[in-house]
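Residue numbers count from 1 along this sequence.
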Amino acid sequence: MKGSRWYAIRVAPGYQRMAAVDEGLPESRRMESIIERNCRKDGFDIFMPSFYTELRHHRTKQILQKRFPFLVGYAFVNLPRLNFEELRRVDGVVCFLRGANYGPLEFPDATIESLYFAEHERRQAFLYEQHCRKENERHEQIQHLRGQLRKILPKGRKARVSMVDQAERAIDSLSPQIKERVQKIISELNTLTDAEVENLRKAV
């Protein structure tokens, strides 16, 4: 951050919401806020400390990833040229935070670096939580599919024979409709198992 001069701005209500998706932007800017997009469009380097979380849509029940600010109502802008008036004209900028001398209050690099670190730490925690949720969902799906196989397969299986192997042995004796269903379940299980093996390989 050598040569940087960070100042806090007051952000207008609603401008810290996520901006509309713009496919023309790089991946790093896909979840930026309205104030960040407005500042960057006008050439300003802005930092809005934030965190990510997952919310379930109340109607569709779909898991949505959202980004929220740590400091509601505030963001930091790097102004090495001290071009305060240009920044004031950016849509969503209300004012600068002022110090005891009534001028815009400059924040040391150490303060900004601490906020960067806190954001990074929370981001890693979020990614871990997201991974655990997906693994739990996959495990529940496997258990559900295995439960369906138990209802379909013949009784008297040997304990050491896997359900998938037993399904392959019994599949020819099933009716066409049930046979198709069993094949679909086995295919889903194989897909989930392959994903698990790939994740283990990456972990090693």
_Check this for me: His120, atom NE2, are more than 12 non-hydrogen atoms of other residues, nucleotides or ligands nearer than 6.0 Å?_
no

*Lys/Arg-Asp/Glu bridge criterion (N-O < 4.0 Å) met for Glu23, Arg30*: yes

_Between Arg133 and Glu54, does any side-chain N to carboxylate O distance fall below 4.0 Å?_
yes

*Are Tyr116 and Leu71 co-members of a hydrophobic cluster defined by side-chain heavy atoms under 4.5 Å apart?*
yes

*Walk me through it: do Phe107 and Tyr7 pass the test ring-ring contact (aromatic ring centres under 6.0 Å, His included)?*
CA-CA 6 Å; Phe107 287 78; Tyr7 296 88; 8.2 Å; no

*Phe96 and Ile46: same hydrophobic cluster, using ILVMFWY side-chain contacts below 4.5 Å?*
yes

_Qualifying residue, where the test is salt bridge (Lys or Arg N to Asp or Glu O under 4.0 Å) with Glu32 and the options are Lys41, Arg17, Arg40, Arg67_ = Arg40

_Distance (rounded to the nearest 0.5 Å) between Asp109 CG and Ser114 OG_ = 10.5 Å

*Same cluster or not: are Leu55 and Phe70 linked, directly or through other Ile, Leu, Val, Met, Phe, Trp or Tyr residues, by side-chain heavy atoms under 4.5 angstrom apart?*
yes

*asked:* For a 4.5 angstrom cut-off between non-hydrogen side-chain atoms, does Ile34 reach Gln16?
replied: no

*In terms of hydrophobic clustering (I, L, V, M, F, W, Y; side-chain heavy atoms under 4.5 Å; direct or indirect links), are Val90 and Val77 co-clustered?*
yes

*Any sub-3.5 Å donor-acceptor pair from Glu36's side-chain atoms to Ser33's backbone N or O?*
yes

*Closest contact, heavy atoms only, Ala19 versus Arg37*: CB-CZ, 3.6 Å

_Quick one, Lys66 and Met31 - any side-chain contact, counting heavy atoms below 4.5 Å?_
no

*Looking at Phe51 versus Phe126, is the centre-to-centre ring distance below 6.0 Å?*
no

*Decide whether a cation-pi geometry holds between Arg123 and Tyr52; the criteria are a distance under 6.0 Å from NZ or CZ to the six-membered ring centre and an angle within 45° of the ring axis.*
yes

*When you look at Phe44 and Leu79, which way does the side chain to side chain contact (heavy atoms under 4.5 Å, CB included) test go after all the steps?*
CA-CA 8 Å; Phe44 292 102; Leu79 294 175; 3.6 Å; yes

*asked:* Less than 4.5 Å apart, side chain to side chain, heavy atoms only: is that true for Val94 and Ile9?
replied: no

*Asp91 and Tyr15: side-chain donor and acceptor closer than 3.5 Å?*
yes

*Can you tell if the side chain of His139 reaches within under 4.5 Å of the side chain of Asn136, non-hydrogen atoms only?*
no

*Identify the two heavy atoms, one from His57 and one from Arg59, that lie closest to each other, and give their separation to 0.1 Å.*
ND1-N, 3.0 Å

_Arg56 vs Leu64, side chain to side chain contact (heavy atoms under 4.5 Å, CB included): CA-CA, chis, key distance, verdict_ = CA-CA 6 Å; Arg56 190 178 297 275; Leu64 303 174; over 6 Å; no

*Ser50 and Glu119, any side-chain heavy atoms less than 4.5 Å apart*: yes

*Do Cys39 and Leu87 come within less than 4.5 Å of each other through their side chains, counting heavy atoms only?*
yes

*Enter the distance from Lys134:NZ to Glu137:CD here, rounded to the nearest 0.5 Å.*
9.0 Å

_Within 45° cone of Tyr74 ring axis and under 6.0 Å: Arg10 NZ or CZ_ = yes

_NZ/NE/NH1/NH2 to OD/OE distance under 4.0 Å, Glu129 and Arg122_ = yes

*If you round to the nearest 0.5 Å, how far is CG of Leu145 from CD of Glu140?*
12.0 Å

_Side chains of Gln130 and Gln65 in contact at under 4.5 Å (non-hydrogen atoms)_ = yes

*Do Glu85 and Arg89 sit within salt-bridge range, that is, some charged N less than 4.0 Å from a carboxylate O?*
no

*Indicate, with yes or no, if Leu97 and Val11 share a hydrophobic cluster defined by side-chain heavy-atom contacts under 4.5 Å among Ile, Leu, Val, Met, Phe, Trp and Tyr.*
no

_Sidechain-backbone polar pair: Asn78 side chain, Ser4 backbone, donor-acceptor under 3.5 Å_ = no

*asked:* What I'd like to find out is whether the side chain of Leu115 reaches to under 4.5 Å of the side chain of Phe47, using heavy atoms alone.
replied: yes

